[in-house]
Amino acid sequence: MSLLSVRSLRVTYASRSGPVRAVDGMDLEVPAGSITGLVGESGCGKSTLGRALMGVLPDAGRIAGGQVVFEGQDLIPLSESARRAIRWRRMSFIPQTAMNALDPVQRLRGQMLEVLIERGGFSRDRALVRAAELFRMVGLDPVRLADYPHQFSGGMRQRASIALALALEPALVIADEPVTALDVIVQRQVLDVLRELQARLNLAMILVTHDMAVVAYACDRVAVMYAGQVVESGPVEAVLERPLHPYTMGLTHAFPDVHGGSEALVPIEGAPPSLLHPPTGCRFAARCPFAQPRCHAEPPASRALGADHLVACWRAEEAPELRALAATPATWAAA
Amino acid sequence: MSALIEAQGLQKTFRARGRLVHAVNDVSLAVAPGEALGIVGESGCGKTTTARMLLRLEDPSAGRILFDGADITSLRGAALRPFRARAQLVFQNPFDALNPRFTIRRSLAEPLRNFGIPEAEHAARIDAVLNRVRLTPPEAWLDRRPHELSGGQLQRVVLARALIPGPSLIVADEPVSMLDVSVRAGILNLLREARDALGLAAIYISHDLALIRYVCERTLVMYLGRVVEEGPTTELIANPAHPYTRALVAAVPVPRVEQDRAALPIRGALSDAPPTGIGCAFRDRCPHAFARCADETPVARSLGGGRAVACHLGEAA
């Protein structure tokens, strides 16, 4: 059974023109002890999902439907105090810029103690020992607990916010673009810290990212999001090597590969649809080189095709032929 | 072939907390007409400062910059104008590069006016450049304002604005880092096409070796203000000579399941204050450092085939 099951989740943001459907009928299974990549472009709803799971949506946002079943319990109907009891202790969050997680005017020690004592019920002595242990665990020298966040480099701050997120041994950590703001060497080192701790502590982790290469490097499973929905999900190997959805196929050719050949990259022309008035059919149809009349008329439901591999595309059975076509720029130029 | 732009011994120093910091330390480079050079390195390596000095947006503390063989290091004001028309910057962030109140037409006409292009030529040049960046038909775009465009479309306008004065050199600092992945490839392809079609020289600044590899035939690797390695991009990636380049290449994730996940060949905590003064600046993080690395600053030596490295490893004793 999954540690976390998101079922038909809908999150809307109020706007002057009406509700924006940022997450619109999303399904996601996160098994215990694995890293699930949540990949997609800006505005696809991946960060909103992370915030909805944590119960920290901004004021304009609200859950419009669906379930978030975590450790056997639906979190949506819970009161704020019940959510607070879960936050940090069972489920925690690593934001993109550690500055958002860390208080700039408080030493790191104070911030660690606050979580350990107030949220975790540690005594001060035990909390001090635990804070040092957590710092060592993420590769920071415990003497640096006396520092303020601005005395840290970007990579060190991100390590500190990982230490903070793991302080109370949660079962699930949601990391929202945790390495996007970092240089490539630091990025790799932080990903290695996350991977090592995930394995050692048998954590489940949702790694929100726009970068397929980060997914390939660090994740066991991946869910590809487009316009508020998951269009494809499954084990990383299956999704990356045998993508079933044209959007995933496009993404795998949109990146330069540092060791790859010299073949031209394939852009996906156009832009995602408005989430104020999403199209009736498949949301990717307007940019899809393989769209047929049915794709514009009817939304494809998510279905299993292959072991543990889900896809929402009417033409998924033709994926092997479509993959060959998707590798050439001419296919996409004609869309 | 003689260089279009050349830098000799560029330095940029400033004082921080009473200490002299070399943001750029003795950087020399040359870009031939039509050539694309990448400058790669992490934040703080001096790559952006180097680019800004090359464009004469920042004064070097020492060194010379030659453009078409003429020394432009100390030109100012109006004397720089012909250079400005021929060396253009592509802005990194398309979301704040354009005046939000200007139509696309006006944003593109402005540089033409600045460089004294006769009014009668404006419409034709604007049409041509919009076609070049594939915002077609041009009349559908001319009267729009930035808020009506997506990030990828804005970056096309930003590129059009750099191309419209008819430069011989464009400098792009992380040209796609603010864009969504699905549209990055389109901008990179456009940059490649524009170069080929117009015979432009280009300098790309990025921390992303994969991107540099896609658009640049030659690459400089910078670490803490110095060039540590240079060479043809594919060879430099396939067979890096400097230990820092090796770590940089190994750190780039690839979009494939099978990949090297071994620990990076680099030492040192992220916090380490870099060594200053005499010696190799990378020595505290280098897995191969030996006594000489602290005693003597390595100077670039040729490896043949256009490659050079500044490292004591493999030097004759």
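Naming: A, B, ... by sequence-line order, numbering from 1 per chain. Hydrogens, waters and symmetry mates play no part in the numbers below; they use all other heavy atoms, side chains included.
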K.L.:
Could you tell me which non-hydrogen atom of A/Q189 sits nearest to which non-hydrogen atom of B/L264, and how far apart they are?
P.N.:
CG-CD1, 4.3 Å

K.L.:
Is chain A contacted by the side chain of B/A250, its backbone, both, or neither, given a heavy-atom distance below 4.5 Å?
P.N.:
backbone

K.L.:
Let me know if A/T252 has heavy atoms under 4.5 Å from chain B in its side chain, its backbone, both or neither.
P.N.:
neither

K.L.:
Could you check whether any side-chain heavy atom of A/R287 comes within less than 4.5 Å of a side-chain heavy atom of B/S182, counting everything from C-beta outward?
P.N.:
yes

K.L.:
Check each atom of B/R256 against the heavy atoms of chain A and say whether the ones under 4.5 Å are side chain, backbone, both or neither.
P.N.:
both

K.L.:
Contact part of B/L209 toward chain A, heavy-atom cut-off under 4.5 Å: side chain, backbone, both or neither?
P.N.:
both

K.L.:
Do B/V183 and A/I268 have side-chain heavy atoms sitting under 4.5 Å apart?
P.N.:
no

K.L.:
Donor-acceptor check, side chain of B/N189 to backbone of A/L265, threshold 3.5 angstrom: yes or no?
P.N.:
yes

K.L.:
Counting only non-hydrogen atoms closer than 4.5 Å, does A/F255 touch chain B with its backbone (N, CA, C, O), its side chain (CB onward), both, or neither?
P.N.:
side chain

K.L.:
For B/E139, is the CD atom crowded, meaning more than 12 foreign heavy atoms sit under 6.0 Å from it?
P.N.:
yes

K.L.:
Whether B/E42 and A/R188 form a salt bridge (side-chain N of Lys/Arg under 4.0 Å from carboxylate O of Asp/Glu) is what I want to check.
P.N.:
no

K.L.:
What heavy-atom pair brings B/D180 and A/E41 nearest, and what distance separates the two atoms?
P.N.:
CB-OE1, 3.1 Å

K.L.:
Does any backbone or side-chain atom of A/E241 lie under 4.5 Å from a heavy atom of chain B? Answer side chain, backbone, both or neither.
P.N.:
side chain

K.L.:
Less than 4.5 Å to any heavy atom of chain B: does that hold for the side chain of A/V266, its backbone, both, or neither?
P.N.:
backbone

K.L.:
Quick check: closest heavy atoms across A/I185 and B/Y244, and the distance to 0.1 Å?
P.N.:
CD1-CE1, 3.7 Å

K.L.:
Could you state the interatomic distance from NE2 (A/H259) to CD (B/Q259), rounded to the nearest 0.5 Å?
P.N.:
9.0 Å

K.L.:
At their closest point, which heavy atom of A/A216 faces which heavy atom of B/V254, and how far apart are they?
P.N.:
CB-O, 3.5 Å

K.L.:
Specify which of B/G151, B/S177, B/A210 makes the most heavy-atom pairs with chain A at under 4.5 Å.
P.N.:
B/A210

K.L.:
Check for a donor-acceptor pair, side chain of B/Y214 on one end and backbone N or O of A/D257 on the other, with a separation under 3.5 Å.
P.N.:
no

K.L.:
Drop me the distance from B/D208's CG to A/D183's CG, to the nearest 0.5 angstrom.
P.N.:
11.0 Å

K.L.:
Where is the tightest heavy-atom contact between B/P253 and A/A213, given as atom of each residue plus distance?
P.N.:
O-CB, 3.5 Å

K.L.:
For the residue pair A/A271 and B/S150, what are the closest heavy atoms and their distance?
P.N.:
CB-CB, 4.4 Å

K.L.:
Specify which of A/G40, A/A254, A/G43, A/G270 makes the most heavy-atom pairs with chain B at under 4.5 Å.
P.N.:
A/A254

K.L.:
Using side-chain heavy atoms (C-beta onward) and a distance below 4.5 Å, is B/V181 in contact with A/M212?
P.N.:
no

K.L.:
Under 4.5 Å heavy-atom distance to chain A, tell me which part of B/R134 shows up: side chain, backbone, both or neither.
P.N.:
neither

K.L.:
I need the residue from A/Q151, A/R195, A/Q187 with the largest number of non-hydrogen atom pairs under 4.5 Å to chain B.
P.N.:
A/R195

K.L.:
Name the region of B/R261, side chain, backbone, both or neither, that has any atom closer than 4.5 Å to a heavy atom of chain A.
P.N.:
both

